[in-house]
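Remember, it's a predicted structure, so these values are computed and weren't measured experimentally. By convention in this document, chain letters (A, B, ...) are assigned in the order of the sequence lines, proteins followed by strands, and residues within each chain are numbered from 1.
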Amino acid sequence: MAANFNKVFLMGNLTRDPELRYTASGSAVCHFDMATNRRFTGKDGQKREDTCFMRINVWGKSGENCANYLSKGRPVFVEGRLQSRSWQTEDGQKRSAVDVVADSVQFLGSPPGGGGGGGGRPRDDDYPPAEPRGGGGDGGRSESSGNPSDNDGFAPPDDDIPF
Amino acid sequence: MASMNKVILLGNLTKDPDMRMMANGNPMTRLGLAVNRKWLDKEGQKRDEASFFNLVAYSKTAEFLGQYSRKGRKVLVDGRLQTRTVTNEKGENKTYHNIIVNDCQFLDYLPPEELERAKPAEDGGSVAGSADDFITG
């Protein structure tokens with residue numbers, strides 16, 4: 001059987017806070033959902049936007065890092081492979097879904113609450129992850145708060161990706 | 001805003017192409033792709049697993065795939081992910097994942113007579129139940 005190849009690259013923003021779990025054997029696995037927007041001009045000349053929502057699984061240490069440092073609204077770059085799953089619902093229907101199993105996740109933008117300087121350090125205060133961001137009144141970053149628009153109550157910030 | 005959505009898959013087609021004309025007169029072709037993965041587990045046992053994906057191609061790519069795709073052919077696909085969520089009559093949300101093909105390359109050689117022999121039925125009946133498997137738009 002000849003070789004197979006399966007690679008996916010996604011850049012987008014988290015649509016909810018990551019969830020960390022441990023398997024029975026003790027491996028960490030982090031799940032999060034991300035939205036990737038595609039802008040295009042339709043045949044009628046109208047600008048449109050199409051959003052792709054994907055579920056990302058990250059295993060091991062990298063998964064723990066995602067759970068510790070990421071939160072809803074944060075921009076990330078994910079590299080991994082696509083995986084299909086299928087299962088039966090309680091009423092016997094067949095369902096299938098496609099997930100991304102990440103090999104690497106890069107955190108884009110600067111850490112929340114900070115002044116944008118460097119390094120990916122966590123904030124000192126340990127807040128519950130479900131709380132909205134952008135507080136602190138420092139006029140700093142307000143990535144996902146207060147902007148509930150079309151997609152899942154979340155619009156990605158235009159000015160957050162540093163290139 | 002910068003963004004990226006890129007998928008590269010190499011696998012085998014799981015069904016013959018389902019090519020049809022859209023309302024705007026452009027062709028659209030739907031295909032199934034299986035991609036295998038092999039690895040060694042913690043005990044050193046060989047494991048393998050297949051993932052199955054729905055492919056959708058438009059315009060020229062759709063014509064090309066409609067003409068040359070056959071079940072079992074090995075193909076390299078470059079595309080992007082698309083998700084569509086629909087609510088059914090019970091109020092349940094169902095999400096469809098498609099891969100929109102930008103570019104593709106067949107990696108096996110199929111002689112022309114073989115290609116002719118393996119031609120899917122004209123009535124399009126070769127694709128079983130595909131209408132429910134895909135939601136595109």
Side-chain angles (χ1 to χ4, degrees), chain A residues 1-13 25 27 33-40 42-44 49-55 75-86 89 91 93-101 106 108-109 151-152 155-163, chain B residues 1-12 14 24-26 32-39 41-43 48-55 59 73-85 88 90 92-100 102 105 107-108 129 132-134 136-137:
Chain A
M1 184 70 192
N4 277 242
F5 187 77
N6 184 340
K7 205 91 185 145
V8 55
F9 305 94
L10 288 175
M11 188 196 272
N13 300 71
S25 59
S27 318
D33 290 327
M34 69 185 278
T36 302
N37 288 307
R38 187 175 75 95
R39 287 187 179 174
F40 61 100
K43 281 200 175 137
D44 51 1
E49 201 168 274
D50 185 25
T51 308
C52 172
F53 296 97
M54 288 303 294
R55 181 181 165 91
V76 286
F77 179 76
V78 172
E79 177 194 342
R81 65 183 160 83
L82 276 180
Q83 187 175 60
S84 69
R85 294 179 286 130
S86 59
T89 58
D91 50 349
Q93 285 182 315
K94 249 185 111 178
R95 291 294 180 91
S96 67
V98 174
D99 299 339
V100 173
V101 180
Q106 298 192 38
L108 307 175
N151 304 322
D152 207 17
D158 270 20
D159 55 350
D160 262 359
I161 297 174
F163 48 80
Chain B
M1 190 196 82
S3 131
M4 184 173 207
N5 180 345
K6 194 160 195 66
V7 183
I8 303 162
L9 297 173
L10 197 173
N12 294 83
T14 56
N24 63 10
N26 281 332
L33 185 77
V35 181
N36 293 310
R37 186 172 81 94
K38 293 181 178 179
W39 77 101
D41 66 14
K42 278 182 186 158
E43 286 81 44
D48 65 86
E49 161 188 89
S51 282
F52 299 93
F53 306 110
N54 296 327
L55 306 183
S59 356
R73 287 203 79 177
K74 183 153 280 254
V75 64
L76 175 66
V77 168
D78 168 23
R80 68 181 156 82
L81 276 166
Q82 183 194 60
T83 53
R84 286 280 175 268
T85 302
N88 66 12
K90 286 186 226 159
E92 298 166 331
N93 278 337
K94 209 170 168 187
T95 303
Y96 293 86
H97 301 260
N98 296 318
I99 289 151
I100 311 298
N102 287 331
Q105 179 80 53
L107 300 177
D108 52 0
D132 293 335
D133 296 345
F134 297 89
T136 59

Which region of B/Asn24, side chain (C-beta onward) or backbone (N, CA, C, O), has a non-hydrogen atom less than 4.5 Å from a non-hydrogen atom of chain A, or is it both or neither?
side chain
Is it the side chain or the backbone of A/Arg85 that comes within 4.5 Å of chain B heavy atoms, both, or neither?
neither
Closest non-hydrogen atom pair, B/Val7 against A/Leu82
CG1-CD1, 3.7 Å
If you define the side chain from C-beta out and look only at heavy atoms, does anything of A/Asn6 sit under 4.5 Å from A/Gln83?
no
Just by distance, do the side chain of A/Thr36 and the backbone of A/Met11 share a donor-acceptor pair under 3.5 Å?
yes
Relative to chain B, which segment of A/Gln93 carries a heavy atom at a distance below 4.5 Å: side chain, backbone, both, or neither?
side chain
Shortest non-hydrogen contact from B/Val35 to A/Phe5?
CG1-O, 3.7 Å
Segment of B/Leu107 engaging chain A (4.5 angstrom heavy-atom cut-off):
neither
